[in-house]
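Here the structure comes first, spelled out in structure tokens, and everything after it is commentary.
A, B, ... follow the sequence lines: proteins, then strands. Residue 1 opens every chain. These figures come from a predicted structure and were not determined experimentally.
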Protein chains: 4
Amino acid sequence: MSVNKVILVGRLGRDPETRYMPSGDAVTNFSIATDEQWRDRNGERQTRTEWHNITLFGKLGEIASQYLRKGSQVFIEGRIQSRKYSGKDGIERTAYDIIGSEMKMLGSRNDTGAAGGSYDQMGGGADYAQGGNFSQGGYDAAPAASSPPPAAPRRQAPRPAPAPAPIDDIDDDIPF
Amino acid sequence: MSVNKVILVGRLGRDPETRYMPSGDAVTNFSIATDEQWRDRNGERQTRTEWHNITLFGKLGEIASQYLRKGSQVFIEGRIQSRKYSGKDGIERTAYDIIGSEMKMLGSRNDTGAAGGSYDQMGGGADYAQGGNFSQGGYDAAPAASSPPPAAPRRQAPRPAPAPAPIDDIDDDIPF
Amino acid sequence: MSVNKVILVGRLGRDPETRYMPSGDAVTNFSIATDEQWRDRNGERQTRTEWHNITLFGKLGEIASQYLRKGSQVFIEGRIQSRKYSGKDGIERTAYDIIGSEMKMLGSRNDTGAAGGSYDQMGGGADYAQGGNFSQGGYDAAPAASSPPPAAPRRQAPRPAPAPAPIDDIDDDIPF
Amino acid sequence: MSVNKVILVGRLGRDPETRYMPSGDAVTNFSIATDEQWRDRNGERQTRTEWHNITLFGKLGEIASQYLRKGSQVFIEGRIQSRKYSGKDGIERTAYDIIGSEMKMLGSRNDTGAAGGSYDQMGGGADYAQGGNFSQGGYDAAPAASSPPPAAPRRQAPRPAPAPAPIDDIDDDIPF
DNA sequence: TTTT
DNA sequence: TTTT
């Protein structure tokens, strides 16, 4: 028995990137920033930005890739998962990822962070939840990617990637 | 605008440790485990344990130190915060901590994970919320500890530590 | 785009009750208490108990019925949903339910709140997540029950109920 | 020991309203909508809107009143609290409110849901957390308002209300 | 009563 | 690397 839950609202530092596993499974990554502001003991305003590596599997990630862009504001629900990797210096490190199970695009309307035309199709803000096969564990479904961002950027899959699912293909799964 | 929220329920891998800053501020650390179980493609049961480094400031941490023990089940609410540190190999790494703002002791009653006598005084489970001064940021209040657990254990403060606040001292702040 | 999320940890006021819809779908209900304590302006300790009506559909509810008992401590994640009903006085009222999508049994080990023998099979605490067909909406799957607890107790289904799924039947879906 | 936590993202149905208690404490109310969409058994798209009554005490509410408007998208974190009231028909009913402890204005930038000039001062999105005195309980601090929305709209305080805190007054408490 |  |  345990609970491992993360809820984030932040903006993407870059466009999402989707890779495809040999199995054909999609893995999408992007980072979002969250900010804290407080006053220190001297009354000085301090600020601190935290960057979170987000990993979305399957269609959830493909939709993120389609509709989210650098600067987009997004709600992510997921879990914390650590991952060991070796950088090019050969040193082993541990990165942590947020494995997302839900994503909601925020802002909408005339928010410039959103993708243009197809965004309208999304009805100006979209929710999507992780489907069944990836939901438990996900570890098996997410074979050790070579390296994490920012200290350890993931390599893009060099193999010919299957085309992203057409919008019609996933229509049934988008709850709107 | 952003949200950085973590909710964990898990068990402590060890007793909490409280250090005192030169300012007198208490910093308490412990790790809790969360587990995932799923079936892989071959129908084999897989399990994975994630260890989360928890940091609690001030009285919240002192109460954790008083009442939580290795094996205690606890609810933690907080935020993700990364921290750079250099191990004894001189290599810089990044650890992530959960800076807790709320803690609830779970199980209670006859659960062996709880501390003995004084636990009864707690009425079989206790809640405590982070007070004001540490709540925003907390960065200023948490000068870079040298290293995180388990990959990067924090060093204990070598200086004579003030005695933990007596139960009566904090009585007013425990909401029961 | 919206988020409607509830996270509760509390204890059951009574054993869960499972009804079966004409379609065969199971609907399980129980209430859990959460408590707040605070000091009023006069420094007097105040306490307040809130009772939450929980509704779990399908197997998630059947497992709750099997393993949870009055006094059990449970973690529930779900959403708020209001429901109109007419009491026996003919007056229409609105109740609110928490439609659970995840349940985790807390405490475990020697906690008396847990069900006996089969509880061991659960490995001392169990997680279960709502399957696919009920997850979106659920409204359609939850035809207006007549009345909520405690102010508006639901009526039990009078029809012969199918036996609860045997543990083996659901084994595949329990993540352990 | 218990947890009663709600996380909502939705849009305001109307401008917030702030009343002042005889004690001078501010109580701010508004409703936000969350939506669900799903497909029923016949494959028909269904939608359902849930309206949540939000109550914010003190400065948190005053800031909401200043910056949120009908249509604004907002993140609210809080707890569920039920409240008995008697409508003009003399019948007692129970309403539920979300007592907010945190609020984050979403969207920002060129989102039309935001208040104009002073919004810029907020830096395009603002976070605010409930201060100390209202945080525990809040019940004592929130004397039974006469009636809830929508079935039971609260009456506005008839007494001369103190002016909302000027922006400079609260500057210290806004974390930016 | 919001929004798309 | 976002945003204000």
For dT2(F), does the base pair up with any side-chain atom of Thr49(A) as donor and acceptor (N or O, under 3.5 Å, distance only)?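 When only heavy-atom distances are counted, Thr49(A) does reach the base of dT2(F) through a donor-acceptor pair under 3.5 Å.
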Whole Å only: how far is the [atom1] atom of [X] from the [atom2] atom of [N]?
| X | N | atom1 | atom2 | value |
| --- | --- | --- | --- | --- |
| Asn4(C) | dT3(E) | CG | P | 19 Å |
| Glu17(D) | dT1(E) | CD | C1' | 12 Å |
| Ile32(D) | dT1(E) | CD1 | C1' | 12 Å |
| Leu106(D) | dT2(E) | CG | P | 19 Å |
| Arg14(D) | dT1(E) | CZ | C1' | 6 Å |
| Leu68(A) | dT2(F) | CG | C1' | 13 Å |
| Lys70(D) | dT2(E) | NZ | C1' | 8 Å |
| Trp51(D) | dT2(E) | CH2 | C1' | 4 Å |

Thr49(D): what forms a side-chain contact (heavy atoms from CB on, under 4.5 Å) with it, not counting sequence neighbours?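 In terms of side-chain contact (heavy atoms from CB on, under 4.5 Å), with neighbours along the sequence ignored, Thr49(D) is linked to Ala33(D), Asp35(D), Trp51(D).
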Identified side chain to side chain contact (heavy atoms under 4.5 Å, CB included) partner of Val3(C) from the options Thr34(D), Val9(D), Ile76(D):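 Going through Thr34(D), Val9(D), Ile76(D) one by one, the side chain to side chain contact (heavy atoms under 4.5 Å, CB included) with Val3(C) is satisfied by Val9(D) alone.
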Is it true that the side chains of His52(D) and Ser31(D) contain a donor and an acceptor less than 3.5 Å apart?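 Judged by distance alone, the side chains do not pair up.
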If we ignore angles and hydrogens, is there a donor and acceptor under 3.5 Å between the side chains of Gln81(A) and Arg83(A)?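 No pair is found: no donor N or O on one side chain lies under 3.5 Å from an acceptor on the other.
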Which of these nucleotides, dT1(F), dT2(F), dT1(E), is closest to any side-chain atom of Ser31(D)?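 For the Ser31(D) side chain, the nearest candidate turns out to be dT1(E).
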